[in-house]
Amino acid sequence: MTSNLEYLEQNDPDVFKALKGEELRQTTGIELIPSENYTFPEVLATLGSVFTNKYSEGYPGRRYYGGQEFTDQIENLARDRAKAVFRAEHANVQPLSGSAMNQAVYLGLLEPGDTILAMDLSHGGHLTHGAPVSHMGKLFNFIRYVTDPVDGSIDFDKVRGDALRERPKMILAGYTSYPREMDYEKFKSIADEVGALTMCDASHYGGLVAGGAMKNPLDYGFDVMTTTTHKSLRGPRGGMILCRKDLRSRIDKSVFPGLQGGPHMNAIAAIAVTLLKAQQDDFKVYAHQVLKNSKVLAETLMARQGKLITGGTDNHMMVLNTVESYGIDGKIAEEVLDQAAITTNKQIIPDDPNPPLKPSGVRIGTPAATTRGMLEADMEKLGGWIADCLSNPQDENLLASVRAEVEQLCRGFPVPGIE
Ligand SMILES: *Cc1c(COP(=O)(O)O)cnc(C)c1O
């Protein structure tokens with residue numbers, strides 16, 4: 001029988017060649033972008049399955065199309081597993097991406113013009129937390145909290161003062177580039193004092209919450225938690241919303257029909273698969289190892305003149321100030337590391353004096369490397385190579401020899417789902 005991939009090879013060699021090239025790139029180099037990961041083979045199988053053929057507007061038991069016997073089964077499975085994994089009263093697994101998921105929450109629970117208190121973008125907040133270039137930034141009135149320049153802590157007296165003065169309707173915790181755990185109790189008590197809803201966007205670390213390695217905001221009484229499904233959670237690209245039972249109808253109506261049409265049932269099947277994996281012991285081991293690897297990588301960099309924002313990490317990522325550490329901006333650092341087959345991403349730092357496309361740092365994270373099975377000793381090697389490259393950005397011979405070492409290391413750690 002001809003396999004689906006063989007059809008592709010015969011009938012569209014251009015796309016087939018690019019796919020093989022990407023497989024090789026993902027296998028031979030080391031992936032240190034903190035938002036990326038390697039998904040499970042079972043997820044790749046469900047994503048490329050016949051569930052992609054099906055229209056399922058609505059929710060299980062209440063659909064606008066016939067033929068939902070099996071789609072209802074998988075969406076119910078995905079929702080029940082999400083509730084179990086995150087100790088949530090309700091789960092919506094239909095958001096097509098992390099951005100759509102956050103938009104659905106704001107639009108479902110707030111009115112245009114309402115005030116939302118969220119983390120400043122250069123201090124770690126996400127575009128969807130009200131960046132002026134985002135539609136949400138125009139529709140809602142975002143105000144900001146920032147972090148301490150030395151230890152990265154959040155000044156909760158100031159957050160409380162701002163909340164009492166501005167009376168936000170929602171207080172948003174969570175981040176895309178902040179290397180620390182958050183104090184949910186403090187956010188919650190300020191929100192209660194001013195009558196604001198609490199939302200945590202755990203997009204980056206949803207998998208670490210699932211694996212029991214980081215705190216679950218829902219355990220601290222948060223009203224809503226959102227997470228992407230493709231970052232540390234290691235599933236298909238998508239988003240999910242977890243919330244209290246009494247918010248269920250507003251959240252569900254906001255996702256459909258408010259914001260989206262047909263859900264991607266192939267992705268929902270893959271989310272169900274991911275959430276079964278997330279309940280298994282292997283996944284808990286992975287989640288804790290991500291943090292151990294992150295600590296060792298951070299310590300190795302700091303021992304080699306690396307200056308990390310907040311002076312370290314409690315989670316899966318670190319932000320390296322490349323200007324202060326090695327005298328090169330984040331764009332150059334990213335390019336230099338790319339030459340050595342080490343993938344990172346340039347990153348603005350708090351109150352960055354430099355522009356976003358030439359920022360002062362890079363963001364480095366351990367989920368993908370940990371999925372491959374790398375451990376502390378591998379992080380020590382990687383940290384040393386990163387420091388070697390960034391201290392000698394012009395030395396082509398050195399970059400080539402580090403590349404050879406990286407490729408040699410990677411040969412010992414196959415990527416799940418790639419033969
Ligand atoms: C990645 C991320 C998102 C957006 O997810 P997309 O799937 O890229 O739209 C939203 N919030 C945070 C905090 C993120 O890190």
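For ligands, and for the atoms within them, numbers begin at 1 and follow the listed sequence. Everything quoted here is computed from the prediction, not taken from an experiment.
The shortest separation from a heavy atom of His230 to ligand 1 is under 4.0 Å, placing the residue in contact. Distances from ligand 1 to the non-hydrogen atoms of Arg237 include no value under 4.0 Å.
The shortest distance between side-chain heavy atoms of Lys54 and Gln68 falls below 4.5 Å. Looking at Tyr145 and Lys158, their side chains never come closer than 4.5 Å, going by heavy atoms from C-beta outward. In this structure the side chain of Glu376 reaches within 4.5 angstrom of the side chain of Asn293, judged on heavy atoms.
Counting all heavy atoms, side chain and backbone alike, Ser294 lies closest to Asn315 at OG-O, 2.8 Å. Pro41 approaches Pro416 most closely through the heavy-atom pair CD-CB, 4.1 Å.
Close approach of ligand 1 to Asp201 (heavy-atom distance below 4.0 Å) involves ligand atoms 10 (C), 11 (N), 12 (C), 13 (C). Ligand-side atoms of ligand 1 in range of Asn102: 10 (C), 11 (N), range being under 4.0 angstrom from any heavy atom. With ligand atoms numbered from 1 in the order given, ligand 1 contributes 2 (C), 3 (C), 10 (C), 11 (N), 12 (C), 13 (C), 14 (C), 15 (O) to contacts under 4.0 Å with heavy atoms of Ser203. Numbered from 1 in the order shown, with element, the atoms of ligand 1 that lie under 4.0 Å from a heavy atom of Thr228 read 5 (O). Short contacts between ligand 1 and His204, defined as distances under 4.0 Å to a heavy atom of the residue, involve ligand atoms 15 (O). For ligand 1, the atoms lying closer than 4.0 Å to a non-hydrogen atom of Tyr175 are 13 (C).
Of the protein's non-hydrogen atoms, His126 CE1, 3.4 Å is the one closest to atom 4 (C) of ligand 1.
Checking only distances, Gly98 does come within under 3.5 Å of ligand 1, N or O to N or O. For ligand 1, the polar-atom distance check against Thr176 finds a nitrogen or oxygen pair separated by under 3.5 Å.
When non-hydrogen atoms are compared, ligand 1 lies under 4.0 Å from the side chain of Lys231 (C-beta onward) but not from its backbone. Using a 4.0 Å cut-off between heavy atoms, Ser99 contacts ligand 1 through both its backbone and its side chain.
In summary, of the residues considered (Asn102, Thr128, Asn92), a side chain to side chain donor-acceptor pair (under 3.5 Å) with Thr226 occurs for Asn102 alone.
Classification of the Tyr65-Tyr55 ring pair by plane angle, with boundaries at 30° and 60°, yields parallel.
Taking OG from Ser360 and CG from Asp352, the interatomic distance works out to 3.5 Å, rounded to the nearest 0.5 Å. Here Thr344 contributes atom OG1 and Glu31 contributes atom CD; the two are 9.0 Å apart, rounded to the nearest 0.5 Å.
Within a 4.0 Å radius of atom 8 (O) of ligand 1, the protein contributes no non-hydrogen atoms.
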